[in-house]
There are 4 protein chains.
Amino acid sequence: MAWANQYRRSDESRRAILDAALAQCREVGYESVSIEAVARRAGAGKQTIYRWWPSKGVLLLDAVVSLGSDSESFPDTGDVVADLTAQMTRAARTMSSPTIGPVLFGLLGAAHHDTALAERLDRDLLGPRREACVARLRAARERGELAADVDETLLMEQLYGLLYYRSLVIRKPPTSAYVRRHVAGLLGGHAGRPRARRKD
Amino acid sequence: MAWANQYRRSDESRRAILDAALAQCREVGYESVSIEAVARRAGAGKQTIYRWWPSKGVLLLDAVVSLGSDSESFPDTGDVVADLTAQMTRAARTMSSPTIGPVLFGLLGAAHHDTALAERLDRDLLGPRREACVARLRAARERGELAADVDETLLMEQLYGLLYYRSLVIRKPPTSAYVRRHVAGLLGGHAGRPRARRKD
Amino acid sequence: MAWANQYRRSDESRRAILDAALAQCREVGYESVSIEAVARRAGAGKQTIYRWWPSKGVLLLDAVVSLGSDSESFPDTGDVVADLTAQMTRAARTMSSPTIGPVLFGLLGAAHHDTALAERLDRDLLGPRREACVARLRAARERGELAADVDETLLMEQLYGLLYYRSLVIRKPPTSAYVRRHVAGLLGGHAGRPRARRKD
Amino acid sequence: MAWANQYRRSDESRRAILDAALAQCREVGYESVSIEAVARRAGAGKQTIYRWWPSKGVLLLDAVVSLGSDSESFPDTGDVVADLTAQMTRAARTMSSPTIGPVLFGLLGAAHHDTALAERLDRDLLGPRREACVARLRAARERGELAADVDETLLMEQLYGLLYYRSLVIRKPPTSAYVRRHVAGLLGGHAGRPRARRKD
DNA sequence: CATTAAACGAGACGGTACGTCTCGTCTTTGC
DNA sequence: GCAAAGACGAGACGTACCGTCTCGTTTAATG
């Protein structure tokens, strides 16, 4: 995090603002979050928010990033299917958490009309996870766990796609069993040498 | 459409309002659409909007539904892969259209805190497409084009998942070639008897 | 008054706003009157104030004019000294009233940097009283109560001058005895034919 | 000047602040002067202003007092009419100067709700001039230039009254000819022994 | 037909929030 | 070791919309 800025005076107020923003979003929904209400709730002046964050979107992005939940690094135990299932399950849980879910989906919508927000969203939140997933898939392919001709990017997007579809579009977060079938089905179709060690 | 209400006086004004709402959304983004501006743009009184629509979300949902683009019925030529590819490509195009995209993604976000909107969104827009897709997959399975143990719902969600992931999350709509590989890959993994007639 | 505007909807709210403005000014002083507080106190929306009054100054001017105290017409009993003494005493009382005083002095100050306010102030409040005074003095001169070469404008300004000096500059409103001596002294210096009928 | 305080560190910054305050008042009007803007303009820290002046009013009073224009001492050539005319003309010029006028009128208004300011205003600015005027009139009476029963205080207030009336209320500063007629008229009405040496 | 009830455009109303500015206090930093 | 710079909580500025509420004016359907 580029934060812990040496020019900022009160780190206490920064935390209060981020927490208030998250709480507000959880309670009233992304669209109804107002800087006014966040300031009131945080016991901060509005100017303090406007001084450090250019928009509601960036504020909420920072707030969610500052939580640091849902580590972006993928486990690598040597078993792709297991590793991906674990990570996807974790991601699904994060997306459907009442604190992070509303923020995330609000940000995704807002990013469509706010270029600056879109960039920061990719840089700070989405990009790293995407790349970590692709990297994990590549490692598996190089070890022969996946077919040599597999398209890791497409695979990654299919993997994440269902998660977003269930959490965002359908608003029915997948059970972990469902995630397991999802991952196994997708990777099974591209199995490499020993047809994967797992039996699903 | 339940519309074409016999109590409504001016169908002209209804169209003007829906068009104004879509235009406004395309120009300023979902969140910044205001009833005030829509009324002004449509040359209508605010009360006329509030009389017929309970919220901005429902107004925009109606507006997008009234466009009727992206037919919900799936083609059935006997070739699942071809049919699904065609329909998915059409869906991808719709999602990334500058008129419909912003509305759709705004609605998806808003639905997270507006139950009434969520229901209408499912009923009028998402549900029918989902069911049509499942029905088409079921038909294919029954004809032996897909393995007997295939889970059509999961498959449908994987199919749509990528589209939403690319259009909504990544904001880089898939090319039709990409969609083709996506569909072929997914269905190929669950091929039935004659391993599908297509050679991809 | 050009008021009782046919485009205004709620005359009730107009009165509430004017009263709130006066009360506020009496309590916190002209400079500290805020539109925000007036609106809050009147139970009105800020926009309602901004819709009808261009500035705090004009609002307070309207408020004080709407009180209509301190009639602008001078009595004419045939005795200039008595008539002017009466009117000047009335004016002094008005200027030093806790409701009108602060408003008036605030307006006079503000008019120095607000041309529009200055014009309305002259038109609605100061001008008529000035002219009425000059007219009364002219009538006296024509009847021979005052010397034929008297300068009514200068005399009027001297008459009012002391009132403003005491009320505004010194902040010690003149007693009515003082006003009587003031008027008698000034007019005595310009006595006409019968050296005025009064013996003071 | 009671200033040139030995506790003050930088006299340079004091001057810069006073000048900035005057300039600001001339440009934007008394009411719109803000400590913030004065500090910015003077290149000073806000705290430096708050440290030495309790309020905007006192700051501006100090600023105008520090100019020292419009000497408070009345000339005494032996001719009251001439002396008072000279001093009143000087006072009128001061009041209508674009630098001092706005400050003075703002202070007079503010004094109505700021007791501390009112006292300092009287002590540092108004009182001395008033007393000097009364003293000059008393000297004239004692020399027989004015009638023995003249009320010097009333006369002084009439003399100054017109000046304030013209400068502050009417916003049309008197010409020097007008001031001459004003003074001559007032004093003529109370002439003592030799009907004054001047022939006006 | 005339009557009449409603839907219409317009926009005032009491409000909330916007993003900016200033208040007066408090803290840091650089000269 | 002080003063500039400026962050801070607070709250007013004037504007934009919210959703409700009259206003007169169409406009259709009825009696």
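Every chain is numbered from 1, with letters handed out A, B, ... down the list of sequences.
- Pairing each heavy atom of Leu117(C) with each of Gly57(C), the nearest pair is CD1-C, 3.6 Å.
- Between the side chain of Lys46(A) and the main chain of Ile35(A), no donor-acceptor pair closer than 3.5 Å is present.
- Looking at Leu22(A) and Cys25(A), their side chains never come closer than 4.5 Å, going by heavy atoms from C-beta outward.
- With 3.5 Å as the limit, one finds no donor-acceptor pair spanning the side chains of Thr48(A) and Arg14(A).
- Phosphate contact (OP1/OP2 of dG9(F), side-chain N/O of Thr48(A), threshold under 4.0 Å): present.
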Query raised in the report: Quick one: what's the B/S/- string for nucleotides 17-23 of chain E, heavy-atom cutoff under 4.0 Å, read 5' to 3'?
Result: BBBBBSB
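- Of the charged side-chain nitrogens involved, none lies within less than 4.0 Å of a carboxylate oxygen, so that Arg41(C) and Asp19(C) do not count as a salt-bridged pair.
- Of the charged side-chain nitrogens involved, none lies within less than 4.0 Å of a carboxylate oxygen, so that Lys56(B) and Glu31(B) do not count as a salt-bridged pair.
- Whole-Å rounding puts the Glu12(A) CD to dT27(E) P distance at 12 Å.
- Note on Arg51(C): a side-chain N or O is less than 4.0 Å away from OP1 or OP2 of dA12(E).
- The distance from atom CD1 of Ile49(C) to atom P of dA12(F) is 13 Å, rounded to the nearest whole Å.
- When each of Pro54(B) and Ala42(A) is assigned the nucleotide of DNA chain F bearing its nearest heavy atom, the one mapping closer to the 5' terminus is Ala42(A).
- Remark: P of dC13(F) and CG of Leu59(C) are 11 Å apart, rounded to the nearest angstrom.
- A straight line from CZ of Arg41(A) to P of dG9(F) spans 17 Å, rounded to a whole angstrom.
- Put simply, CD1 on Ile17(C) is 10 Å from C1' on dG14(E), counting in whole angstrom units.
- Atoms CD (Glu31(A)) and C1' (dC17(F)) sit 13 Å apart, rounded to a whole Å.
- A donor-acceptor contact shorter than 3.5 Å links the side chain of Ser66(B) to the backbone of Ala63(B).
- Contact check, Trp53(C) against dG14(F): no side-chain N or O comes under 4.0 Å of OP1 or OP2.
- Residue Trp52(B) places its side chain closer to dA7(E) than to any other of dA7(E), dC8(F), dA12(E).
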